[in-house]
Amino acid sequence: MDGGTLYSIGELAQRTGLTVKTIRFYSDRGIVVPAGRTHAGYRRYAPEAVARLALVRTLRELGLGLDLIQRVVDQELTLGDVAAEHAAALDVQISILRLRRAVLTAAAEREPTAEEMELMHQLATLSQAERRRLIDDFLDSVFDGPHSGPRHAAARRSMTPELPDNPTDEQVRAWVELAELSLDPDFRATLRRLAEDHVTGLPDGACTRPRPDMVAVARDLVGPAVAAGVSPDSLQADPVVAALTAQCALAHGRPDDPTLHRWLLHRLEAASDPRRDHYLQLLALINGWPAPDRLAPVIDWSITALRIRAAR
């Protein structure tokens with residue numbers, strides 16, 4: 001191209017795809033400067049204005065503001081600096097949009113009230129420190145008490161959600177649902193009873209040494225029977241129930257008798273709350289852990305089997 005060629009605003013508009021009004025605006029802002037004017041006062045632009053306006057158009061389409069673009073075209077900032085700064089800003093915007101989409105998706109599935117919608121939004125937008133305080137308050141209500149301490153430390157860690165810095169939509173929705181669940185006073189009371197039962201053992205509390213959780217024992221002993229389709233009222237279930245009660249008696253240092261059977265039944269009934277399974281499923285999703293096995297089928301089988309044999 002002839003270096004002496006000058007373009008009118010109309011010609012520049014044809015070459016860049018921008019409107020005359022836009023080019024005039026950029027010119028007034030000093031983003032693209034006329035190389036001269038005609039005797040009548042009309043602006044004329046040098047060929048490099050085409051490349052300059054192409055860059056401006058690209059940066060505008062990427063969402064950069066005019067002040068930042070001005071510094072780029074004036075070479076006060078490099079394109080690399082601007083790209084890094086803008087990418088960081090977009091990360092924040094994407095995070096906000098992801099949270100909003102997660103809340104709206106959850107709302108579409110649940111049809112919440114206005115109050116529930118507000119709570120969901122608040123829970124989704126908590127800071128990391130605020131999330132930690134909410135969960136600490138929940139776990140304090142579950143584990144703090146006369147029998148709290150080292151025995152509960154591992155269980156407390158295993159129930160702590162850690163939402164990653166860049167969560168997926170599913171993790172955000174899971175966090176909102178788990179946070180709502182943790183605020184439920186009845187759910188808190190249920191877990192607290194389970195925690196106390198695990199530590200104190202039988203009602204008189206005579207046995208205080210560490211021992212396995214009876215839900216975990218039921219999972220290991222009863223799980224294979226459930227998977228095999230053994231009915232809890234069948235003869236094939238008898239040795240499974242016997243092994244379960246024997247393990248419970250051994251763990252608590254008590255006779256394998258009706259008193260222990262009633263306590264075990266009470267313990268499993270308390271653990272049968274489906275919200276417990278749901279909390280653990282949400283927790284695994286938030287923390288990126290493998291999905292846990294659902295304990296409800298094992299617990300329900302054990303409860304039915306114990307009730308049947310208690311009535312005989």
In Å and rounded to the nearest 0.5 Å, what is the [atom1] to [atom2] distance from [X] to [Y]?
{"X": "R57", "Y": "I23", "atom1": "CZ", "atom2": "CD1", "result": "10.0 Å"}
{"X": "I135", "Y": "S182", "atom1": "CD1", "atom2": "OG", "result": "4.5 Å"}
{"X": "L119", "Y": "L183", "atom1": "CG", "atom2": "CG", "result": "6.5 Å"}
{"X": "I9", "Y": "Q14", "atom1": "CD1", "atom2": "CD", "result": "12.5 Å"}
{"X": "L280", "Y": "R275", "atom1": "CG", "atom2": "CZ", "result": "13.0 Å"}
{"X": "R157", "Y": "L139", "atom1": "CZ", "atom2": "CG", "result": "12.0 Å"}

message = Using salt bridge (charged side-chain N to carboxylate O under 4.0 Å, His left out), reason through E177 and R110 one step at a time and then give a plain yes or no.
response = CA-CA 11 Å; E177 198 167 347; R110 296 167 51 185; 5.6 Å; no

task = Any chance you could lay out the salt bridge (charged side-chain N to carboxylate O under 4.0 Å, His left out) test for D293 and R219, step after step, and finish with the verdict?
result = CA-CA 9 Å; D293 294 331; R219 177 197 62 207; over 6 Å; no

inquiry  = Could you tell me if Y45 and S27 have a donor-acceptor pair between their side chains, going purely by distance under 3.5 Å?
reply    =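 Distance-only check passes for S27 and Y45.
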
request  = Would you tell me whether S127 and E130 have side-chain atoms, one donor and one acceptor, within less than 3.5 Å of each other?
outcome  =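 There is such a pair between these side chains.
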
Would you say the side chain of [Y] lies within less than 4.5 Å of the side chain of [X], judging by non-hydrogen atoms?
{"X": "R29", "Y": "D67", "value": "yes"}
{"X": "E162", "Y": "R132", "value": "yes"}
{"X": "M117", "Y": "L104", "value": "yes"}
{"X": "F187", "Y": "V142", "value": "no"}
{"X": "V56", "Y": "L59", "value": "no"}

task = Report the C-alpha distance between F138 and Y279 in whole Å, list the side-chain angles of each, state the deciding distance to 0.1 Å, and finish with yes or no for ring pair (Phe, Tyr, Trp, His ring centres under 6.0 Å).
result = CA-CA 12 Å; F138 164 62; Y279 182 94; 5.5 Å; yes

ask   = Given the rule that I, L, V, M, F, W and Y join up when any side-chain heavy atoms are under 4.5 Å apart, are L68 and L62 in one cluster?
value =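 Yes, one cluster joins them.
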
ask   = Does D81 reach the main-chain N or O of A84 with its side chain, forming a donor-acceptor pair under 3.5 Å?
value =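 Between the backbone of A84 and the side chain of D81 there is no qualifying donor-acceptor contact (under 3.5 Å).
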
request  = Would you check, one step at a time, whether the test salt bridge (charged side-chain N to carboxylate O under 4.0 Å, His left out) holds for D28 with R43?
outcome  = CA-CA 11 Å; D28 291 341; R43 296 178 242 204; 3.0 Å; yes

task = List the steps, then state whether side-chain hydrogen bond (donor to acceptor under 3.5 Å, both in side chains) holds for Q281 with D277.
result = CA-CA 6 Å; Q281 294 286 337; D277 255 358; 5.7 Å; no

